[in-house]
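Below is one structure; the comments refer to it alone.
Computed from a prediction, not measured in an experiment: that's the story for all the values here. Numbering of ligands and ligand atoms starts at 1, following listing order. Values reported hereafter were calculated over all heavy atoms of this structure, with side chains retained and with hydrogens, waters and symmetry mates removed.
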Amino acid sequence: MAEDIKDTKSSNQMWGGRFASGPAAIMEEINASIGFDKKLYAQDIRGSIAHATMLAHQGIIGTEDKDKIVHGLNTILSEIEAGQFVFSRKLEDIHMNIEARLADLIGPAAGRLHTARSRNDQVALDFRLWVKEELQKTESMLTGLIAAFLDRAEEHADTVMPGFTHLQTAQPVTFGHHCMAYVEMFGRDRQRVRHAIEHLDESPIGAAALAGTGYNIDRHMTAKALGFREPTRNSIDTVSDRDFALEFLSIASIAATHLSRLAEEIVIWSTPQFGFIRLSDAFSTGSSIMPQKKNPDAAELVRAKTGRINGSLIALLTIMKGLPLAYSKDMQEDKEQVFDAAESLELAIAAMTGMVRDMTIRTDRMKAAAGSGYSTATDLADWLVREAGLPFRDAHHVTGRAVALAESKTCDLAELSLEDLQGIHAAITADVFNVLTVEASVASRRSFGGTAPSEVRKQIAWWRARN
Ligand code: ARG
């Protein structure tokens, strides 16, 4: 189809009946959405085929017209997919571009397709279908990321590293346990995605402009044909609602926030100062001036994508917040936000999955750091409670003195002599040295969900059964 093959100079061919003149150039520019909503072509065609089939089944249009419509729509699908379709801005959006081309192809029968529907329920349908597919894709990408973490967790169930609070060394943990923290986070994201799919699984088509229609349509039939659980129950809500898009963006923002925290850890861990991991060449870049540098650009960009995704959520919330029922053109601004966020989230999950799978874990560096910073001080206090019967508060005080002594001698707790320790509290025996190593510390934390390798392996098995 050549651009503007129709006479659209005077007024719009789809709704121009009562208009004497065409739109001002600037009107066309602000009004047109074809530049971005052409992404919805496949959903639009699927929806139109289901709608036309239902209209014929109900005797609202003839079977012959329906056949022409379906054939024409399939032709258009191939034209678009072959890159042969010329999109026209004068025809505003994907819906009218396709309908105009259908008229070129099949003549007057094309005019029957829009019976008992409006662009308001049409766009609600197309966009819902698109978001549903995107949520399904997100679910499987999150499953891939979770699988990457499960593998790394299994491999490093016994690898000790420092656990942090306030980014200060707190207590030794295992790298496997740390990985499993992300499995929990991305597992929750995946649950949110699954719930969102359930929430949006209702078909909007047949709500028409806002009030439903006088034609004897069958909305259950179209809902079923399009893979929805059931039709929506209120036509006004149906054309006003963009909760499904907001829900996608909220989920994307939370997932991106998780990805960003992970990205930040990767940035920190890969510094020479920490040296906990080495990123693969595939996921880092060099510096054009400093030959020694290996930069974690992919992680930094994942961290930055979060800003874009959060921005999209705020943009759409703000677009929707003051809109009276039912449809307003403001809602046309929903799509770019969702498309951009979806693209960013896909990239971020894919890059992160690659980084997690590829990165080298420097177990020696992690172990050395795990033992520094008096990370087993709590274990000494716990030993005093358990073996010497001290109340925890007193044990905490005694341990504080031991840490101060070690600090003054610039040594670790385990390097203090028994005499030193007994000088602080007489009940301390040589047995205490068994709990002052990082391995003993992590192995002792067998409480449900704790960092002991045995416990981490149980959690890995729990997730494997559900992944
Ligand atoms: N391009 C429009 C959108 O994305 C389609 C719906 C137009 N509806 C209308 N009543 N003008 O929202």
Taking only residues two or more places apart in sequence, or in another chain, which ones meet Arg46 in a side chain to side chain contact (heavy atoms under 4.5 Å, CB included)?
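By the side chain to side chain contact (heavy atoms under 4.5 Å, CB included) rule, Arg46 matches Leu129, Glu133, Leu226.
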
Check whether more than 12 heavy atoms from other residues, nucleotides or ligands sit under 6.0 Å from atom NE2 of His57, and answer yes or no.
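Result for NE2/His57: open.
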
Evaluate the side-chain proximity of [Y] to [X]: yes if any heavy-atom separation is below 4.5 Å, no if none is.
X: Thr363; Y: His156; value: yes
X: Thr53; Y: Met221; value: yes
X: Asp158; Y: Thr174; value: no

For a distance cut-off of 3.5 Å, show me each N or O of ligand 1 paired with any protein N or O, plus the separation.
from, atom 1, to, atom 2, distance (Å)
ligand 1, 1 (N), Ser33, OG, 3.3
ligand 1, 1 (N), Asp93, OD2, 3.0
ligand 1, 1 (N), Gln332, OE1, 2.8
ligand 1, 4 (O), Lys335, NZ, 2.7
ligand 1, 8 (N), Asn120, OD1, 2.9
ligand 1, 10 (N), Asn120, OD1, 3.0
ligand 1, 12 (O), Tyr327, OH, 2.4

Geometric class of the Tyr182/Phe186 ring pair [parallel <30°, tilted 30-60°, perpendicular >60°]
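Parallel: the ring planes of Phe186 and Tyr182 meet at under 30°.
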
